[in-house]
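Here the structure comes first, spelled out in structure tokens, and everything after it is commentary.
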Amino acid sequence: MNSKVAVGSGKWVNSVAEPLLLQNGGGAGAGAGDLPLAEPKESLLVVYLSTAIAVSGSFEFGTCVGFSSPTQLGIRTEIGLSLSEYAFFGSILTVGAMIGAITSGRIADFFGRKGAMRISAAFCIIGWLSVLLAKNALMLYFGRIASGYGIGVLSYVVPVFIAEIAPKNLRGGLTTLNQLLICVGGSAAFILGTFVTWRKLVLLGLVPCLVLIVGLFWVPESPRWLAKVGRHIEFNSSLQKLHGKEADISQEAAEILEYIEALQKLPKARVLDLFQRRYIRSVIVGVGLMVFQQIGGINGIGFYASEIFVAAGFSSGKLGTILWGFIQLPITVLGAFLMDRSGRRALLIVSASGTFFGTFMAGATFFLKGQGIFLQWVPMLALIGILVYISAFSIGMGAVPWVIMSEIFPINIKATGGSLVTLVSWFGSWLVSYTFNFLMDWSGAGTFFIYAAANAATVLFVAMMVPETKGKTLEEINESMNSRK
């Protein structure tokens, strides 16, 4: 391979045949006895700014998901929805998200990562305005499905964009900010929803959309996407902006372009190509993590948390939803801090073990209630079980599957693989959120014991199948996972 690479000084070097020693303007022909020049200090300001703008889309994701829990009574009373109609309203968000997931990879590849985020924000704005002005169930459904489409695309493109712009030593922590801002958005919806009307709560969802649309004008496009589509001048400019104008980007530019050149020799990826032997491990890990993330119960419990607390014996769900909102945020911050220190696998195992304990405790509590035993303790024990569950989920199972999804697929199949994984996640979300109320009508204890069994299986899956990706470049991860032909 003999590609030419633009470096920060504006010179071009051979990425394979010539040594990349153009630091501080030094030439490629430096003598062997010359003292090495100090590498210019890298500036990460633009990386942080770009991440901050991108995760406003994650905040939007959180507000959409969290909206249905505190607003159930208000919407059902004002619009006159039955329980099944409200269950449809809550779950149809995930139908829109599944459609968004199917198209997310292609949109992100065709319009770029920034273009995909702008399109997503536009759909979310349309959705929120429809809900705000709703006079009947049909307008609510339309608004919910439009917002769902927007967050379906955002759920793929935000972690992918962050992973593609972040240095390898910060990639885990920065990508985890995606989940952190989802939690912040959900917590804000939970807490504010207990104090304001459901129509006023809509305004919370419009703010991040506007931040995303305006803020993206100051954010560089993903250099890896620019390289993939052949826009090499913009690729060099974007990479330089992300690392700082004085930083030497020659080695990273060479690695990216060489990797892209190798991938572009492969045929265009189709869905069936994902199941070739070289990619099958990435598919199993990505899809498996999303399946276990969802069947552990997160969207059923999260969508209808206030009703769970009422079913457990509280007079209202306000205390539980407020505590949920306040606990979720610091635990997610802790998970982001640990991401690039303890590693992905350790966090997943600890997290899945905790979600098992929390759901098992909640199931046992509803069993005691059904048997009429320790009734005075049932509400508090149920609250503790649910809070243990969301704490454990927030430290790992919420964020890490999305981080790993953004890391494990080579860029030539990232659109197809990422769309498949995101679709699986949203289908699982729909299935769990739609069936939750019916399962609870059948048996509160049985519902949570089913989730506990799924969380126990998650521990085994992670231990047996999920690789550690901490501290590796995306190219190194792809080579180690997909090296078998």
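- Considering every non-hydrogen atom in both Ala312 and Ala382, the closest pair reads CB-CB, 3.5 Å.
- Nearest heavy atoms, Val388 versus Gly354: CG1-O, 3.9 Å.
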Original post:
Please walk me through it: do Gln294 and Met290 pass side-chain contact (heavy atoms from CB on, under 4.5 Å)?
Top reply: CA-CA 6 Å; Gln294 295 302 325; Met290 292 304 176; 5.7 Å; no
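- For Trp442, the CH2 atom is densely surrounded, since the number of other residues' heavy atoms within 6.0 Å is greater than 12.
- In summary, the side chains of Tyr434 and Thr94 do not present any donor paired with an acceptor at a separation below 3.5 Å, with no hydrogens or angles considered.
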Original post:
Going through the distances and angles, do Val283 and Phe409 end up as a side-chain contact (heavy atoms from CB on, under 4.5 Å)?
Top reply: CA-CA 8 Å; Val283 173; Phe409 289 108; 4.1 Å; yes
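- Considering only heavy atoms from C-beta on, Pro467 comes within 4.5 Å of Val285 through its side chain.
- No donor-acceptor pair under 3.5 Å is formed between the side chain of Lys114 and the backbone N or O of Pro220.
- When side chains are defined from C-beta on, Tyr149 counts as touching Thr103, because their heavy atoms get closer than 4.5 Å.
- Stacking of Arg144 on the aromatic ring of Phe89 is recorded, both the 6.0 Å distance cut-off and the 45° axial limit being met.
- A donor-acceptor pair is defined here as one N or O able to donate and one able to accept, closer than 3.5 Å; no such pair exists between the side chain of Ser419 and the backbone of Thr416.
- For Pro223 against Leu242, the heavy-atom pair with the smallest separation is CD-CD1, 3.6 Å.
- Under the 6.0 Å cut-off for aromatic ring centres, Phe67 and Trp128 qualify, their centroids lying closer than that.
- With a 4.5 Å cut-off on side-chain heavy atoms, Val65 and Leu93 count as touching.
- The list of salt bridge (Lys or Arg N to Asp or Glu O under 4.0 Å) pairs with a residue in residues 147-167, not counting sequence neighbours, reads Arg113-Glu164, Glu164-Lys414.
- For the pair Trp198 and Ile79, the minimum side-chain heavy-atom distance is below 4.5 Å.
- Atom CG of Leu73 sits in a sparse spot, with 12 or fewer heavy atoms from other residues, nucleotides or ligands closer than 6.0 Å.
- Judged purely by atom type and a 3.5 angstrom limit, Ser429 has no side-chain atom pairing as donor or acceptor with the backbone of Ser425.
- Geometrically, Arg224 does not engage Phe161 in a cation-pi contact defined by less than 6.0 Å to the ring centre and at most 45° from the axis.
- Ala54 and Leu212 make their closest contact through O-CD1, 4.1 Å (heavy atoms, listed as atom of the first residue, atom of the second, distance).
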Subject >> Step-by-step side-chain hydrogen bond (donor to acceptor under 3.5 Å, both in side chains) determination, Thr355 to Asn455 >> reply: CA-CA 6 Å; Thr355 57; Asn455 289 317; 3.2 Å; yes
Subject >> Criterion side-chain contact (heavy atoms from CB on, under 4.5 Å) on Ser394 and Ile390, from CA distance to verdict >> reply: CA-CA 6 Å; Ser394 298; Ile390 191 56; 3.9 Å; yes
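- The nearest pair of heavy atoms linking Val47 to Ala166 is CG1-CA, 4.4 Å.
- Formation of a donor-acceptor pair under 3.5 Å by the Glu85 side chain with backbone atoms of Ser82 is found in this model.
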Subject >> Criterion side-chain contact (heavy atoms from CB on, under 4.5 Å) on Ser155 and Trp402, from CA distance to verdict >> reply: CA-CA 8 Å; Ser155 64; Trp402 292 104; 4.0 Å; yes
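- For the pair Ser147 and Cys124, the tightest heavy-atom approach, listed with the atom from each and the gap, is OG-O, 3.7 Å.
- Not one N or O on the side chain of Tyr451 forms a donor-acceptor pair closer than 3.5 Å with the backbone of Ile301.
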**OP:** Show your working on side-chain hydrogen bond (donor to acceptor under 3.5 Å, both in side chains) between Tyr156 and Ser120 and close with a plain yes or no.
**Re:** CA-CA 11 Å; Tyr156 165 76; Ser120 303; over 6 Å; no
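- In terms of modelled atom types and a separation under 3.5 Å, the side chain of Ser104 and the main chain of Ala101 share a donor-acceptor contact.
- Under the salt bridge (Lys or Arg N to Asp or Glu O under 4.0 Å) criterion, Arg344 pairs with Asp340, Glu407, not counting sequence neighbours.
- Counting only distance, with no hydrogens or angles, the side chain of Lys470 and the backbone of Ser342 share no donor-acceptor pair below 3.5 Å.
- Open room surrounds CZ on Phe367; 12 or fewer heavy atoms of other groups in view lie less than 6.0 Å from it.
- A side-chain donor-acceptor contact under 3.5 Å links Arg199 to the backbone of Ala134.
- Side chain of Tyr389 to main chain of Ile298: a donor-acceptor pair is present (N/O by atom type, distance under 3.5 Å, no hydrogens or angles).
- Between the side chain of Gln371 and the main chain of Ile373, no donor-acceptor pair closer than 3.5 Å is present.
- Close placement of the Phe360 and Phe449 rings is indicated, their centers lying within 6.0 Å of each other.
- Using cut-offs of 30° and 60° for the angle between ring planes, the Phe366 and Phe448 rings count as parallel.
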